[in-house]
Structures are given as C-alpha cells and as structure tokens.
Amino acid sequence: IDSSHSGTPVPEDRSWHTILLMGLREGSNFVGQGGVPPLDTAGSYFALDITQPDELVGEGSGGVGPPPGPGTFNAPKCLNASGDSSCGRDAADGAVRSRQPARAWPTVLWEIVDTGDKDVAPSPGAGYPDMGETWSKPAIGRVKLCTANCGNTTSPLPVTEDRYVAIFGGGFDRQRLNRRGNWIYMVDVETGRTLYRANSSCGSNAAAGCSPVFFASIPSEPAALDVNEDGYLDFAYVGDLRGRLWRIDLTDLRLLASPSSGRFDNQLDLATGSGRPFLVFEAPQPVAPATQPYYPIYYRPTAISLGFDSSNRPAIGLAFGSGDRDDIIASAEPQSISFNQRFYFVADVGNDTTRTEVDL
C-alpha cells in the first residue's frame, strides 16, 4: 500500500505493510445515547499500520541483548514520535518516505463511520443509519478488479488491478428491528473507501426485473474463500439475523464506468459483473402477525470443500448454527427461550434456487 497518499495512492510509493483492522462492537454509543432522531450507534471500523515492531525499552542498545527477566515490565519505545528517532516512518521506509514527516507507530490509516442512509423503501432500513454496532470481524483478502474492456475474450483484453479488501457486515441493531446494519461492505484497505456494498438480492437496491429480498442486520463475520488457490477471493458467504445465508460471487468484479465519489458509495457494476448477493439458504420465517420464531446467525459459517462438478465449479459445504448471541438468557425476547435453535449444514453446488429448511 501507499500508506501516505493524499487521496489517490501512488503505485511507485507502495510497499509492504502490516495492517490491523478492528471494529468497536459494543464500544460505540448505544442507540438513544446521542445525536438526533433517528439515532445511530456511531459504530466504526479503523485500520492501524503496525508494520514496524516496537522494541522494549531496556532490551539493550538498539534492542541487542537479553530480554527483560521475569516480572520486568517495559514499555514499547514507539508510543510517541519524540521518544526515539527510530520510531518514525522515515526510519522504517527509508528514502521512499523521506519526504514524509516522521510519525509514531502504530499509525491510524483511516477510520470509517457510516451514519448515512442509502436504503430505499420497502427496505426496513429506509430512514435509519446504515451501519450499526460494528460486531462483524472483517474478512481480509485480495480481489481482482476489472477497470476497462471487462468481459472481452479478444483484443482489447480486460484491464485489471489488484485490491486488498476488508469484507464485513453492517453490524447489530440495538433496537433489534433489523433497520441498522442490514448491509455488507467491501472496503479498500489502502484507502478506507468502499468498493462494494449491497443490502439485498438485487445488489445495492432494487434493480430492473428483480424483487429484492432485503438483508437483516449482519453482525456475523463473512467467510471469504479462495477456492482455486490463485491468491484471489472467489466467494464470500455471510449469515444475517433472520436465519438467511447469502453468497456473493467475487470472480468478475467490474468497476463502474463513472463510479460515484462518495466514500460509502458502491463502486462496482453489479448489472454486468458479479457481486449481486444470492440467497443460498433461508431458515423458517414467522407467519404474520407472528414475529417469532427467528433463527439468527451471529457467527461465520465454516466452509468445507466438497470437490468440483463437471464444469469445474466448486461445491462448498457450509456449516453454521443459529441462536441469539445478544440475548442468551432471553431477557429482551422472553418467548425465544420456548423454541429450539438449529445447526445447519448446507451444500452449495452452484445453487440457483434458495434452499429452505423443508428442502433438507
């Protein structure tokens, strides 16, 4: 990455870095504690550059010498830029970064807080901030992004570039109404800008000829898979709080001809390329006017290779459980203690129709 770009990364300034990504989970404000209606939870994700390891003060000159003995507690040297000249970026990156001011390690690369509302009716999220409590652990990997001549099999051939991305769900809705966090995001690790986001089976919102099935809140970590071991992510699977498992095809990602400049806007062409979410599995849904039972998914599905079919398409087994992680003792939903949760194993063999529990 170019860790010191001024808005647009410079390829010649890129170097290898070690990055830590984290959300706040319940460390943000709960709904109702601040802001103006409709209140958001101020959840965020942030990236820290932790490339240069700190040596402990007391290890000896230049870190040479025996480590501290048992019971000895020493602070890292690089807690601030003035503590030691070896702590700045100049020392770590050499001449490439000589034009940049020295900064302490670790360095905050970016932080994102999405309090916007890109839902449109009839999405239950319309009128509410999109990002909830940031529970979803980011899945990290590399994707191939087509920027020109996409889909061509003859000259001019497609132009592609690599992007390292973090894929995560929109989070948890503290009001438990699936109006916040009902999105999935794919963020460029280098810039902190959203490459992809979707909230339904139609992509970002309803598309021509598609009646969308909208996501519920997604506090779960996605399972991001490289099925052919070429170094690029091929599929992402994630569950939502209505017991539904979604598949996102990452094999043919195409940049829009005129992508929006908004930080949280989708940048991908979901009409001609891949990326439109597909509902692989749906647990039983309550029949109105009932609101229970639901079979919420809070954890990453475990993916298992089942081989390949005659078209060389991967068959993937997905194992996951349901249960109310946020309300284990049923204090918020007392009736939930009266019905059993489930453990599922679903085979995705290029499914093009949604499986439900009665199909198993």
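- Checked against salt bridge (charged side-chain N to carboxylate O under 4.0 Å, His left out), Asp324 has the following partners two or more places apart in sequence or in another chain: Arg176.
- Considering only heavy atoms from C-beta on, Pro158 comes within 4.5 Å of Cys146 through its side chain.
- More than 12 non-hydrogen atoms from other residues, nucleotides or ligands lie less than 6.0 angstrom from CD of Gln292.
- Below 30°, between 30° and 60°, or above 60°: for Tyr295 and Phe339 the angle between ring planes is above 60°, a perpendicular geometry.
- Expressed to the nearest 0.5 Å, how far OG of Ser136 lies from CD1 of Ile167 amounts to 10.0 Å.
- The pair Glu133-Arg25 fails the salt-bridge criterion, with no side-chain N (NZ, NE, NH1 or NH2) lying under 4.0 Å from an Asp/Glu carboxylate O.
- Remark: Arg197 does not engage Asp265 in a salt bridge, criterion side-chain N to carboxylate O under 4.0 Å.
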Go through the steps to decide whether Leu157 and Asn149 satisfy the test side chain to side chain contact (heavy atoms under 4.5 Å, CB included), and finish with yes or no. CA-CA 6 Å; Leu157 293 175; Asn149 310 323; over 6 Å; no
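- Between Ser44 and Glu111, the side chains place a donor N or O and an acceptor N or O closer than 3.5 Å (distance only, hydrogens not considered).
- In this structure, Asn199 and Ser123 approach most closely via the heavy-atom pair ND2-OG, 4.2 Å.
- Tyr299 belongs to a hydrophobic cluster whose remaining members, ordered by chain and number, are Trp135, Phe172, Leu241, Tyr298; membership requires side-chain heavy atoms of ILVMFWY residues under 4.5 Å apart, directly or through intermediates.
- By the rule that hydrophobic residues join a cluster once side-chain heavy atoms approach within less than 4.5 Å of another member, Tyr232 and Tyr196 end up as members of separate clusters.
- Hydrophobic clustering (ILVMFWY, side-chain heavy atoms < 4.5 Å, transitive): Met22 and Val108 are in one cluster.
- Of the charged side-chain nitrogens involved, at least one lies within less than 4.0 Å of a carboxylate oxygen, so that Arg174 and Asp326 count as a salt-bridged pair.
- Judged purely by atom type and a 3.5 angstrom limit, Arg263 uses its side chain to pair as donor or acceptor with the backbone of Gly192.
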Dump the intermediate steps for side chain to side chain donor-acceptor pair (under 3.5 Å) on Glu333 and Tyr294, then the final yes or no. CA-CA 11 Å; Glu333 301 279 356; Tyr294 273 124; over 6 Å; no
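- Taking the centre and axis of the six-membered ring of Phe281, the NZ or CZ atom of Arg355 falls outside the cone set by 45° and 6.0 Å.
- Under 3.5 Å, the side chains of Thr354 and Glu282 contain no donor-acceptor pair of N or O atoms.
- In terms of heavy-atom proximity, Glu221 sits nearest to Pro301 at O-CD, 4.0 Å.
- Checked against side chain to side chain donor-acceptor pair (under 3.5 Å), Glu190 has the following partners two or more places apart in sequence or in another chain: Arg14.
- Here Arg163 contributes atom CZ and Leu255 contributes atom CG; the two are 7.0 Å apart, rounded to the nearest 0.5 Å.
- Side chains of Asp240 and Asn182: no donor on one and acceptor on the other come within 3.5 Å.
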Report the C-alpha separation of Ile316 and Val227 in whole Å, then their side-chain angles, then the decisive distance to 0.1 Å, and conclude whether the side chain to side chain contact (heavy atoms under 4.5 Å, CB included) test is met. CA-CA 9 Å; Ile316 300 171; Val227 297; 3.9 Å; yes
When you look at Asp162 and Leu145, which way does the side chain to side chain contact (heavy atoms under 4.5 Å, CB included) test go after all the steps? CA-CA 6 Å; Asp162 293 357; Leu145 178 62; over 6 Å; no
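- Other residues, nucleotides and ligands contribute only 12 or fewer heavy atoms inside 6.0 Å of the CG atom of Asn340.
- For Asp327 (side chain) and Ser331 (main-chain N/O), a donor-acceptor pair under 3.5 Å exists by modelled atom type.
- No side-chain N or O of Asp173 forms a donor-acceptor pair with one of Tyr128 less than 3.5 Å apart.
- Ion pair Arg254/Asp252 flagged as a salt bridge, since at least one NZ, NE, NH1 or NH2 atom sits closer than 4.0 Å to an Asp/Glu carboxylate oxygen.
- The distance from atom OG of Ser220 to atom CZ of Arg300, rounded to the nearest 0.5 Å, is 8.5 Å.
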Just do the salt bridge (Lys or Arg N to Asp or Glu O under 4.0 Å) check on Glu161 and Lys144 with the steps written out, would you? CA-CA 6 Å; Glu161 60 183 47; Lys144 182 178 291 187; over 6 Å; no
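- Between Val10 and His5 the shortest side-chain heavy-atom distance does not fall below 4.5 Å.
- Looking at Gln267, its side chain never comes within 3.5 Å of a backbone N or O of Leu195 through a donor-acceptor pair.
- Counting only heavy atoms from C-beta outward, the side chains of Val189 and Ile19 approach each other to under 4.5 Å.
- The backbone N or O of Lys118 lies less than 3.5 Å from a partner atom in the side chain of Asp130, making a donor-acceptor pair.
- Residues Arg180 and Gln175 bring a donor and an acceptor atom of their side chains to less than 3.5 Å of each other.
- Around the CD1 atom of Ile329, the shell of radius 6.0 Å holds no more than 12 heavy atoms that belong to other residues, nucleotides or ligands.
- Taking the six-membered ring for Trp and the full ring otherwise, the centers of Trp110 and Phe46 sit at least 6.0 Å from each other.
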Would you please test Met186 and Leu268 for side chain to side chain contact (heavy atoms under 4.5 Å, CB included) and show each step? CA-CA 11 Å; Met186 182 165 67; Leu268 301 186; 4.0 Å; yes
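- Here the CG-CG distance, from Asp348 to Leu318, works out to 6.5 Å after rounding to the nearest 0.5 Å.
- No side-chain donor-acceptor contact under 3.5 Å links Arg244 to the backbone of Ile297.
- In this structure the side chain of Val187 reaches within 4.5 angstrom of the side chain of Phe168, judged on heavy atoms.
- Within the 4.5 Å cutoff, no side-chain heavy atoms of Phe215 are placed close to those of Ser201.
- Atom CG of residue Asp13 and atom OG of residue Ser4 lie 8.0 Å apart, to the nearest 0.5 angstrom.
- Annotation: side chain of Val346 is in contact with side chain of Phe320 (closest heavy-atom distance under 4.5 Å).
- Contact record, Ala139 with Pro222: CB-O, 3.7 Å, taken as the closest heavy-atom pair.
- Rounded to the nearest 0.5 Å, atoms OG1 (Thr51) and CG (Asp49) are 3.5 Å apart.
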Might you work through the side chain to side chain donor-acceptor pair (under 3.5 Å) test for Asp119 and Trp183, ending with a clear yes or no? CA-CA 9 Å; Asp119 289 283; Trp183 289 83; 3.1 Å; yes
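- At distances below 3.5 Å, not a single donor-acceptor pair connects side-chain atoms of Ser311 with backbone N or O atoms of Arg313.
- Side chains of Asn351 and Phe278 form a contact here, defined as non-hydrogen atoms less than 4.5 Å apart.
- In terms of heavy-atom proximity, Leu250 sits nearest to Ser274 at C-OG, 3.9 Å.
- Tyr185 and Leu256 are assigned to two separate hydrophobic clusters, defined by single-linkage of ILVMFWY side chains at heavy-atom distances under 4.5 Å.
- Shortest non-hydrogen contact noted between Pro286 and Pro293 is CD-O, 3.4 Å.
- For the pair Pro277 and Trp246, the tightest heavy-atom approach, listed with the atom from each and the gap, is CB-CE3, 4.0 Å.
- Side-chain atoms of Thr147 come within 3.5 Å of backbone N or O of Val159 as a donor-acceptor pair.
- Within the 4.5 Å cutoff, the side chain of Leu233 has no heavy atoms near those of the Leu225 side chain.
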